[in-house]
Number of protein chains: 2
Amino acid sequence: MFEPLDTAPAYLRLSAAIRARILGRELGEGDSLPTETELARQFAVNRSTVREALRNLQSAGLVERRGGGKKLYVSRPAVGAVGEGLREALTLHEARFADVWEALLALEPAVAAAAARRRDAAQLAALERLAEDFGSRELPATEAVALVGQFFRALGVASGNPVFVLANEPLVQLVEPSLAIIIDRLPQARRRIAGAQRAMVAAIRARDRAGAADWMRRHVEDFRRGFEQAGFPLETVVG
Amino acid sequence: MFEPLDTAPAYLRLSAAIRARILGRELGEGDSLPTETELARQFAVNRSTVREALRNLQSAGLVERRGGGKKLYVSRPAVGAVGEGLREALTLHEARFADVWEALLALEPAVAAAAARRRDAAQLAALERLAEDFGSRELPATEAVALVGQFFRALGVASGNPVFVLANEPLVQLVEPSLAIIIDRLPQARRRIAGAQRAMVAAIRARDRAGAADWMRRHVEDFRRGFEQAGFPLETVVG
DNA sequence: ACATGATAATTGTCGGACAATCCGACAATC
DNA sequence: GATTGTCGGATTGTCCGACAATTATCATGT
């Protein structure tokens, strides 16, 4: 009979208004927003209210301040930040290693296949350099893991699919700590990872989609085995 | 010799501090936070600063107010909200239909397979009811599409994998508008969707993982064909 | 054209204020 | 007994005004 009234606080309605303008492309990436005082004047609210609304947009990644400056710019949400939010969400939802692994097994072969199909020369070169770096040097675990993470991110970029790039990120972030432990405890882990990376890069260079996906599958399965052999149950909650 | 000082604004350090406590499980879901005045006192900052920090946590979904109340409670980020943020991010990254479809093709068969393996009786019943609802009634496009969305969400839940649940959400949200148009323009769309849902439910009931994945693959491929037949190029930017 | 320094604008933070609303307890009513 | 009214206190949403620190702007001299 009656519809609920819109009693949303002003700061929410304000951020919703600006958000709509950004998503509706009226404000494009790189455009700068008016100053807080000016926004307060235009929306006829207090500057404190404006600031609360801006914090909202800021943590959604829709606006940002560049390099310590004062001006606010419209921005597309950074992949790293979005991934971190997702990682937090998954942590609080108590995702287990088995869950993340299952997602990796579904996603990464497809990413590798897409990369094999669509990578350009520069992206291939980046992958080759990362694989070479990992394979040739005996870095400390933390740095080695960072390289593996970079390899996966580079794969995402090479896939040319922003959905893959975004989906990749939280999984990589969640997996990195476990991987560090595995590399520390299992002497053969480095060799196996290096081998898989080399094989994937070769398949991607040859534009061999099935090969890239296959090697990725083995790589991900190896990862699960490593996790178990390092003494962790698959039910371990990540994060 | 000297470490860089932490010059981040107070409201950021404050939200980081609370965030860390939540992620570190010192504050569990459902716990209530002190009042703003009390937080201001404890952190020795002004209440306005506290409020900016809280807006930050609020939009990350780490705290919420329940049902128009005043108390703040620690919460795990709601799937819908996280998905919406991701949808926005993908929209601003100009993901094309082809990209979303590629991700669906990688993800959904795995979700269906996991659901076939792990679903319990109640989850199966929910899927059956949704499929039955969709197949038996000739609802207007918007409601029909909502039912399809519910079917995918229920699949995610039945998969027992929070990663799948979360990854599902933005894809479903992005796809729903396109699907509404397809259903409107292609007379055979309803029948094909109903058929696929029935087949998937049957496979999931029989715990036939390969069958479920297979039917899902056909279903997703059908969806792409429908999109093209409805007159859209795959490069259409979603959102 | 380019560095430089003065000047104006802007942000981050603060203190205080007040109405609206929610909460809990208690009383009144059906 | 359950719903409804009432009342004081606590809390939030919003406003105002202020100020130091930092950044942007611009005229100026080289």
Side-chain angles (χ1 to χ4, degrees), chain A residues 1-22 27 29-75 78 81, chain B residues 2-19 21-22 27 30-75 81:
Chain A
M1 172 85 83
F2 293 108
E3 309 206 339
L5 299 173
D6 179 13
T7 59
Y11 66 85
L12 278 183
R13 278 181 291 172
L14 213 165
S15 70
I18 299 179
R19 182 182 301 254
R21 274 213 179 51
I22 294 175
L27 290 172
E29 184 192 357
D31 291 1
S32 67
L33 257 57
T35 65
E36 296 175 351
T37 313
E38 176 59 17
L39 284 173
R41 199 190 57 74
Q42 287 189 27
F43 285 99
V45 295
N46 192 271
R47 190 161 75 96
S48 305
T49 306
V50 170
R51 284 176 65 82
E52 293 189 37
L54 290 180
R55 294 294 90 79
N56 220 317
L57 299 173
Q58 214 170 16
S59 64
L62 267 54
V63 305
E64 67 178 1
R65 282 187 212 292
R66 286 180 188 167
K70 292 196 183 234
K71 274 224 196 75
L72 261 186
Y73 293 94
V74 175
S75 65
Chain B
F2 292 109
E3 307 206 340
L5 296 174
D6 182 6
T7 60
Y11 64 86
L12 279 183
R13 277 181 290 169
L14 213 167
S15 70
I18 299 179
R19 182 182 300 253
R21 274 213 181 49
I22 294 176
L27 290 172
D31 291 1
S32 68
L33 257 57
T35 65
E36 296 175 351
T37 312
E38 176 58 17
L39 283 174
R41 198 190 59 73
Q42 287 189 28
F43 285 100
V45 296
N46 192 270
R47 188 161 78 95
S48 306
T49 306
V50 169
R51 284 176 65 82
E52 293 188 38
L54 290 180
R55 295 294 89 79
N56 219 317
L57 298 173
Q58 212 168 17
S59 64
L62 267 54
V63 305
E64 68 179 2
R65 283 188 210 292
R66 286 180 186 166
K70 296 202 173 204
K71 273 223 197 75
L72 262 186
Y73 293 93
V74 175
S75 66

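Since the model is a prediction, treat every value here as computed from it, not as a measurement.
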Undergrad: To the nearest 0.5 Å, what is the distance between CG on L14(B) and CD on Q42(B)?
TA: 10.0 Å
Undergrad: For a quick check under 3.5 Å, do S48(B) and S48(A) share a side-chain donor-acceptor pair by atom type?
TA: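 No - no donor-acceptor pair under 3.5 Å links their side chains.
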Undergrad: Would you jot down, in residue-number order, the residues of residues 57-65 of chain A having a non-hydrogen atom under 4.0 Å from DNA chain D?
TA: none
Undergrad: Applying salt bridge (charged side-chain N to carboxylate O under 4.0 Å, His left out), name anything that partners R55(A), two or more places apart in sequence or on another chain.
TA: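 R55(A) satisfies salt bridge (charged side-chain N to carboxylate O under 4.0 Å, His left out) with E52(B) only.
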Undergrad: Starting at atom CG of L54(B), determine the distance to atom C1' of dG13(D), rounded to an integer number of angstrom.
TA: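 Going from L54(B) (CG) to dG13(D) (C1'), I get 13 Å.
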Undergrad: Starting from P on dT11(D), measure out to OH on Y73(B) and report it in whole angstrom.
TA: 12 Å
Undergrad: Among the nucleotides dT10(C), dG12(C), dG13(D), which one has an atom lying closest to any side-chain atom of K70(A)?
TA: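 Given the options dT10(C), dG12(C), dG13(D), the side chain of K70(A) is closest to dT10(C).
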Undergrad: Heavy atoms, side chains only, cut-off 4.5 Å: are E64(B) and L72(B) in contact?
TA: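 Sidechains of L72(B) and E64(B): no contact.
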Undergrad: Atom pairs, N/O to N/O, protein against nucleotides 14-16 of chain D, distance under 3.5 Å?
TA:
unit_1	atom_1	unit_2	atom_2	d
dT14(D)	OP1	A10(A)	N	2.3
dT14(D)	OP2	A10(A)	N	3.3
dT14(D)	O4	R47(B)	NH2	3.1
dC15(D)	OP2	N46(A)	N	2.7
dC15(D)	OP2	T49(A)	OG1	2.8

Undergrad: How long is the span from the OG atom in S75(A) to the CG atom in D31(A), to the nearest 0.5 Å?
TA: 11.0 Å
Undergrad: Taking five pairs at each end of the helix from dA1(C)-dT30(D) to dC30(C)-dG1(D), what angle separates the two helix axes (nearest 10°)?
TA: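 Between the axes fitted at each end of the helix from dA1(C)-dT30(D) to dC30(C)-dG1(D) lies an angle of 40°.
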Undergrad: Restricting both atoms to N or O, compile the protein contacts to nucleotides 6-8 of chain C shorter than 3.5 Å, with distance only.
TA:
none

Undergrad: Can you sort out which residues in residues 31-40 of chain A have a heavy atom within less than 4.0 Å of DNA chain D? Ascending by number, please.
TA: none
